[in-house]
Amino acid sequence: MSRLSIVTKDRAEETVEELYKDLERRIQASQPGLCPVDLAASFLNMCHAQSCGKCTPCRVGLGQLESLIHQVLDGDASETTLKLIETTAQSIYTTADCAIGSEAARMVLKGVRGFRDDYLEHIHHGRCLNVQNQPVPCVAQCPAHVDIPGYISLVHDGRYNDAVMLIRKDNPFPSVCGLICEHPCEVRCRRTMVDDPINIRGLKRFACDHEDHLPTFKKYDATNKKVAIIGGGPSGLSAAFYLSIMGHDVTVFEQRHRLGGMLRYGIPAYRLPREALDHEIDVLKTTGFKTKTDVSIGKDISLAELEKDFDALYVSIGAHNDRKIGIEGEDANGVMSAVEMLREIGDDHMPDFSSQRICVIGGGNVAMDVARSSIRLGAKSVQIIYRRRQTDMTALPEEVEGAIADGCEIMELYAPGRIEKDANNNVTAFIAVPQIVGAIKWGRPTPVKANQEELRIPCDKVIVAIGQGIDSQSFGDFGIPIERGRLQAFDTSEVKNKAGIFAGGDCVTGPATVIRAIAAGKVAAANIDEYLGYEHEINSSVDIPRIRFDDHQPCGRVNMKERPASERIHDFKLMECGMTEEEALQESSRCLHCDHFGYGIFKGGREAKW
């Protein structure tokens with residue numbers, strides 16, 4: 001008789017593993033607006049099912065917690081019950097033998113403290129406090145609330161012009177977002193429960209690539225109201241577009257020579273070709289708003305003058321200032337900020353990095369942009385220095401992978417130490433301080449100095465990409481409230497105690513995504529219109545195709561392809577390839593039509609106007 005045998009999974013174990021994967025997909029696709037107390041009860045039930053039953057806190061305690069939370073959901077609880085939930089969870093957390101019990105209890109504690117008002121609403125009124133007015137997951141996750149199921153149906157039907165027109169109802173930059181959007185809409189896509197989220201950005205780009213005529217926009221009658229917009233980036237231009245359609249006389253003031261803001265001066269052409277951006281801006285300008293470039297507020301014209309000459313102001317100046325690391329040698333020749341470098345490229349002034357060794361400091365999308373641009377500018381080597389792990393980078397995973405494919409080297413767990421320079425004040429090396437991954441704070445591990453020697457990295461240039469600042473001083477002097485360098489505004493874009501003045505975009509939120517800036521411009525336009533005494537509606541007359549019923553068959557996701565790295569690193573031409581018609585037809589067929597089925601139709605389907 002053999003003493004040992006090779007362990008193999010039986011059919012039951014294999015099925016359980018498949019069920020775990022199914023469960024992971026369901027959690028990943030959890031739609032916004034669900035009752036947090038109900039979710040806590042469901043998660044706790046799953047945790048209890050995982051208990052081995054050895055220790056009493058886990059075996060009995062989790063069951064007690066389940067019972068108490070169900071009392072809350074059934075309307076049989078009081079505030080004393082809530083206190084008992086908290087003390088029971090704390091007791092289990094400190095006494096359970098393993099992570100199954102202790103982490104389940106910690107999850108309950110986090111919920112009781114994080115959404116206590118929801119518990120109290122169930123206790124006192126027997127209802128859920130958390131209300132989600134937009135039931136379609138992808139639309140809810142899109143900051144601009146674009147009708148995503150609608151335009152996907154139109155793409156599937158071959159009506160590409162209508163698809164783009166429907167997008168412009170909520171987002172006047174469809175082509176730009178089809179190329180560079182970080183696609184938050186895909187995060188909760190319900191298709192994830194079946195296989196993978198739909199490639200929403202790819203379908204948007206396909207529609208824009210196949211738009212075959214310039215759109216015309218129906219405008220309301222002139223109101224003779226004048227609106228000044230300070231900043232010609234995505235937020236300011238979005239507000240100008242909608243306000244012009246509403247019939248207002250709009251003038252955009254831009255500090256730089258050309259419009260586009262960070263779209264032009266922060267995103268390289270290999271991701272967003274300048275001709276595509278210029279075309280998009282030209283389309284917006286057909287609505288009739290005026291633009292004045294090379295105008296600096298506080299220098300060429302004052303805010304007081306604008307306030308006097310215009311009925312409303314919208315401040316959308318973005319975040320264009322660079323940030324310093326604050327290390328020795330930062331004043332050396334060859335140290336430049338990512339903002340400075342991308343601004344030069346945006347003005348078509350290409351730096352010459354031929355045969356140079358480049359160190360990039362940072363781990364965000366901007367760091368990846370300047371690193372990959374450096375390769376295209378002829379750099380001999382590019383090393384990206386990051387104080388955390390590669391997995392902790394804030395850059396999109398595909399951007400990090402792309403940088404590596406382009407030839408950049410990621411040096412994780414190295415913090416900036418100092419910059420060495422020669423007698424002529426030129427950079428000679430970057431001194432990196434080794435780090436070790438530490439305790440998790442705010443969702444990411446905190447790096448701490450490791451007991452290792454510093455690393456000397458010979459280089460010719462150091463590019464600092466650790467974030468952007470906001471040039472807010474003149475606006476603060478005018479009386480607009482400033483906190484930590486950001487302009488303070490309500491979520492309606494209104495500025496406190498400044499009637500007629502609105503603010504939005506990166507100057508309020510800090511550096512964020514393009515679609516969030518666009519959404520801010522949309523919100524500002526609606527509320528400026530209301531402030532001026534009107535209630536103009538922005539709508540679309542596009543008819544949505546009838547619902548299909550052949551979308552549940554599991555099918556792989558169509559991902560975007562890129563030009564080979566060996567080819568793309570030699571130019572700034574568009575790196576990403578669009579979908580073929582066959583791919584777009586297959587990908588659009590995967591949409592589950594959440595705008596029609598289930599809660600989507602119960603809440604009225606789509607928002608046809610705003």
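The figures that follow rest on heavy atoms only: side chains count, while hydrogens, waters and symmetry mates do not. All of these numbers come straight from a predicted model, not from anything done at the bench.
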Can you tell me if S337 uses its side chain to pair, donor with acceptor, with the backbone of E340 under 3.5 Å?
yes
Where do N365 and E182 land on the side chain to side chain donor-acceptor pair (under 3.5 Å) test, with the steps shown first?
CA-CA 10 Å; N365 285 324; E182 294 190 340; 2.6 Å; yes
Any donor and acceptor pair, going by atom type alone, linking the side chain of R388 with main-chain N or O of T446 inside 3.5 Å?
no
At what distance, to the nearest 0.5 angstrom, does CG of L532 lie from CG of L243?
8.0 Å
Go through the side-chain N and O atoms of H320 and D471 and say whether any donor and acceptor fall under 3.5 Å apart.
no
Which of parallel (below 30°), tilted (30 to 60°) and perpendicular (above 60°) describes Y270 and F572?
tilted
Please tell me if the side chains of P143 and I518 come closer than 4.5 Å, counting only heavy atoms from C-beta onward.
no
Do any N or O atoms from the side chain of E280 and from the backbone of A276 form a donor-acceptor pair under 3.5 angstrom?
no
Answer yes or no: is there a side-chain heavy-atom contact under 4.5 Å between I198 and I152?
yes
Any ion pair linking D460 and R357 (charged N to carboxylate O, less than 4.0 Å)?
yes
Of all heavy-atom pairs linking P481 and V495, the shortest is CD-CG1, 3.6 Å
Hey, does the side chain of N527 reach the backbone of V523 with a donor-acceptor pair shorter than 3.5 angstrom?
yes
With rounding to the nearest 0.5 Å, note down the distance linking CD in E562 to CE in M575.
4.5 Å
Could you please spell out the steps behind the salt bridge (charged side-chain N to carboxylate O under 4.0 Å, His left out) verdict for R191 and E587?
CA-CA 11 Å; R191 182 73 197 199; E587 191 63 13; over 6 Å; no
To check you understand the geometry: which heavy-atom pair defines the closest contact between M341 and S374, and what is its length?
CE-OG, 3.6 Å
Give, for atom CD of Q435 and atom CD of E412, the distance between the pair rounded to the nearest 0.5 Å.
12.0 Å
Please walk me through it: do V227 and I528 pass side-chain contact (heavy atoms from CB on, under 4.5 Å)?
CA-CA 9 Å; V227 181; I528 289 172; 4.1 Å; yes
Least distance between heavy atoms, P268 atom then S373 atom:
CG-OG, 3.6 Å
Test: R274 and D348 ion pair at under 4.0 Å:
no
Any non-hydrogen side-chain atom of E254 less than 4.5 Å from a side-chain atom of V295?
no
Going by ring pair (Phe, Tyr, Trp, His ring centres under 6.0 Å), name the residues that satisfy it together with F289, two or more places apart in sequence or in a different chain.
none
Relative to each other, are the rings of H210 and Y160 parallel, tilted or perpendicular (30° and 60° limits)?
tilted
Kindly indicate whether the side chain of L313, heavy atoms from C-beta on, has any atom under 4.5 Å from the side chain of F502.
no
Donor-acceptor pair, side chain of N424 and main chain of N426, under 3.5 angstrom:
no
Derivation of the side chain to side chain donor-acceptor pair (under 3.5 Å) call for K380 and Q356
CA-CA 5 Å; K380 178 182 178 181; Q356 294 188 8; over 6 Å; no
Member of R201, R557, K204 meeting the salt bridge (charged side-chain N to carboxylate O under 4.0 Å, His left out) criterion with E186
R557
Between D331 and K324, does any side-chain N to carboxylate O distance fall below 4.0 Å?
no
For the backbone of G261 and the side chain of R256, can you confirm whether one donor and one acceptor N or O come within less than 3.5 Å of each other?
no
Donor-acceptor pair, distance only, cut-off 3.5 Å: does the side chain of K561 make one with the backbone of C577?
no
Tell me, with the steps shown, if D278 and K285 meet salt bridge (charged side-chain N to carboxylate O under 4.0 Å, His left out).
CA-CA 11 Å; D278 291 337; K285 289 169 70 174; over 6 Å; no
Full working for salt bridge (charged side-chain N to carboxylate O under 4.0 Å, His left out) between K169 and D147
CA-CA 9 Å; K169 177 178 73 70; D147 186 353; 6.0 Å; no
Stepwise, does the side chain to side chain donor-acceptor pair (under 3.5 Å) test hold for Y242 with T287?
CA-CA 9 Å; Y242 291 122; T287 58; over 6 Å; no
Neighbour count above 12 (heavy atom, 6.0 Å) for H257 NE2:
no
Supply the atom-to-atom distance I229 CD1 to K292 NZ, rounded to the nearest 0.5 angstrom.
13.5 Å
For N161 and D212, what are the C-alpha separation, side-chain angles and deciding distance, and is it a side chain to side chain donor-acceptor pair (under 3.5 Å)?
CA-CA 7 Å; N161 294 325; D212 58 15; 2.7 Å; yes
Ignoring hydrogens and geometry beyond distance, is a side-chain donor-acceptor pair present between Y265 and D347 at under 3.5 Å?
yes
Output, in order, the C-alpha distance, side-chain angles, deciding distance and verdict of salt bridge (charged side-chain N to carboxylate O under 4.0 Å, His left out) for D369 and R271.
CA-CA 9 Å; D369 284 341; R271 290 180 58 207; 3.0 Å; yes
Checking side-chain contact (heavy atoms from CB on, under 4.5 Å) for the pair R258/D294: CA distance, chi angles, key distance, verdict?
CA-CA 8 Å; R258 304 176 73 181; D294 297 308; over 6 Å; no
Which value, rounded to the nearest 0.5 Å, describes the distance between F475 atom CZ and I317 atom CD1?
4.0 Å
Salt-bridge test for R372 and E399: reply yes if a basic N is under 4.0 Å from a carboxylate O, no otherwise.
yes
Is there a side-chain contact (heavy atoms from CB on, under 4.5 Å) between M411 and I457? Walk through the geometry before answering.
CA-CA 11 Å; M411 299 190 66; I457 306 171; 3.8 Å; yes
Any chance you could lay out the side-chain contact (heavy atoms from CB on, under 4.5 Å) test for V558 and M579, step after step, and finish with the verdict?
CA-CA 8 Å; V558 173; M579 289 184 184; 4.3 Å; yes
Donor-acceptor pair, D406 side chain versus C408 backbone, under 3.5 Å?
no
Can R168 and E211 be counted as an ion pair, charged N to O under 4.0 angstrom?
yes
For the pair R376 (side chain) and I569 (backbone), establish whether a donor and an acceptor sit closer than 3.5 Å, ignoring hydrogens and angles.
no
Enclosure of E328 CD (heavy-atom neighbours >12, cutoff 6.0 Å):
no
Is the NZ or CZ atom of K498 both under 6.0 Å from the centre of the six-membered ring of F478 and within 45° of that ring's axis?
yes
Identify the heavy atoms of S238 and F173 that sit nearest to each other, and give their distance.
OG-CE1, 3.6 Å
Show the nearest heavy-atom pair for residues V339 and Q468, with the distance to one decimal.
CG2-CG, 3.5 Å
Could you tell me which non-hydrogen atom of S235 sits nearest to which non-hydrogen atom of A520, and how far apart they are?
OG-CB, 3.8 Å
So that I can tick it off, tell me whether K226 and D311 are bridged by a salt bridge, with the cut-off set at under 4.0 angstrom between side-chain N and carboxylate O.
no
For the CD1 atom of I180 and the CG atom of L272, what is their distance to the nearest 0.5 Å?
5.0 Å
